[in-house]
Amino acid sequence: MPAKKTPARHPDLESVLVTKAQISRRVKALGRELKKIYGDEEITVVAIMNGAILFTADLLREIDNPIRLDCIRTTSYGSSTESHGTPKLVHGLTLDVTDRHVLVVDDILDTGKTLSLIASMIRGMRPASLRVCVLLDKKGRRLVPFEAELVGFQIPDKFVVGYGLDFAERYRNLHCIGVLKPAKQKG
Ligand code: IMP
Ligand code: MG
């Protein structure tokens, strides 16, 4: 079989922050961390659409626990790189989470508004346990106090796309995580 070529960097990216190989190694390590935490217990995974879809799909294949998967959706950034106001839930849980081990998965922890809203909503449903796993964490941007139990990578305060993260719904299918060129950060 011919050797697989590494895809060329997308022309709209100014730089690559996390490569495909780094993501893949870290996702495997997170899978091992999850296994240590949960043992053989069943996990109810709550993925936040759309950003967490790629990360969740890869992460779940790194663990062999029984899994129940649910997806929820909050209001999005639209064609902007800044979050405005308070996020609202536009599609809530369909599974019952009471007395379950719940793991919320998201692409990025930024201001903290989205995950603190979701965590308090789920806590109100009295799960057996609640943990949050994010691929990326922009610690310097927090507007409400919130920390995730599992973090893939700490990143600087830059707007990033790829591996699920978008700008105006584009770039989610990039294999790496990169910073968009300023000229491309306009709706
Ligand atoms: P929050 O500000 O922590 O509530 O983050 C809410 C959501 O904003 C995240 O789940 C992402 O979908 C999106 N977001 C935050 N920072 C970025 C970024 O750099 N690129 C793409 N989406 C982002
Ligand atoms: Mg999101």
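Just so you know, ligand 1 is whichever comes first in the structure, and atom 1 is the first atom listed for that ligand. The figures that follow rest on heavy atoms only: side chains count, while hydrogens, waters and symmetry mates do not. Numbers here are sequence positions counted from 1.
Short contacts between ligand 1 and D166, defined as distances under 4.0 Å to a heavy atom of the residue, involve ligand atoms 21 (C). Contact atoms of ligand 1 toward D106: 10 (O) (distance under 4.0 Å to a heavy atom of the residue). For ligand 1 and L165, the ligand atoms under 4.0 Å from any heavy atom of the residue are 20 (N), 21 (C), 22 (N). Heavy-atom contacts of T111 reach the following atoms of ligand 1: 1 (P), 2 (O), 3 (O), 4 (O) (cutoff under 4.0 Å).
For atom 10 (O) of ligand 1, the choice among T86, L109, D107 with the nearest heavy atom turns out to be D107. Of the candidates K138, R172, K113, it is K138 that places a heavy atom closest to atom 16 (N) of ligand 1. Around atom 18 (C) of ligand 1, the closest heavy atom drawn from F167, Y171, F159 belongs to F159.
Distances between N or O atoms of G112 and those of ligand 1 include at least one value under 3.5 Å. Polar contact check, P87 against ligand 1: no nitrogen or oxygen pair lies under 3.5 Å apart.
For the pair E147 and R142, the salt-bridge criterion is met [side-chain N within less than 4.0 Å of a carboxylate O]. Using a 4.0 Å cut-off between a side-chain N of Lys or Arg and a carboxylate O of Asp or Glu, E33 and R26 qualify as a salt bridge. Salt bridge present: R172 and D166 bring a charged side-chain N and a carboxylate O closer than 4.0 Å. Comment: K139 does not engage D157 in a salt bridge, judged by the lack of any side-chain N to carboxylate O separation of less than 4.0 angstrom. With salt bridges taken as basic N to acidic carboxylate O contacts below 4.0 Å, none links E14 and K181.
Note on ligand 1: R142 sits outside its first shell, no heavy atom being nearer than 4.0 Å. Residue contacts with ligand 1: V161 is excluded, as none of its non-hydrogen atoms falls under 4.0 Å. A heavy-atom separation below 4.0 Å is found between K158 and ligand 1.
In this structure, R61 contributes its side chain and A57 its backbone to a donor-acceptor pair below 3.5 Å. Side chain of N50 to backbone of G164: no donor-acceptor contact under 3.5 angstrom is found.
In D110, the parts holding a heavy atom less than 4.0 Å from any atom of ligand 1 are both the side chain and the backbone. Neither the backbone nor the side chain of L115 comes within contact range of ligand 1; no heavy atom lies under 4.0 Å.
Using a 3.5 Å distance cut-off with no hydrogens or angles, the side chains of Y163 and N173 do not pair a donor with an acceptor.
Contact of the V45 side chain with the L60 side chain is registered, since non-hydrogen atoms from C-beta on lie closer than 4.5 Å.
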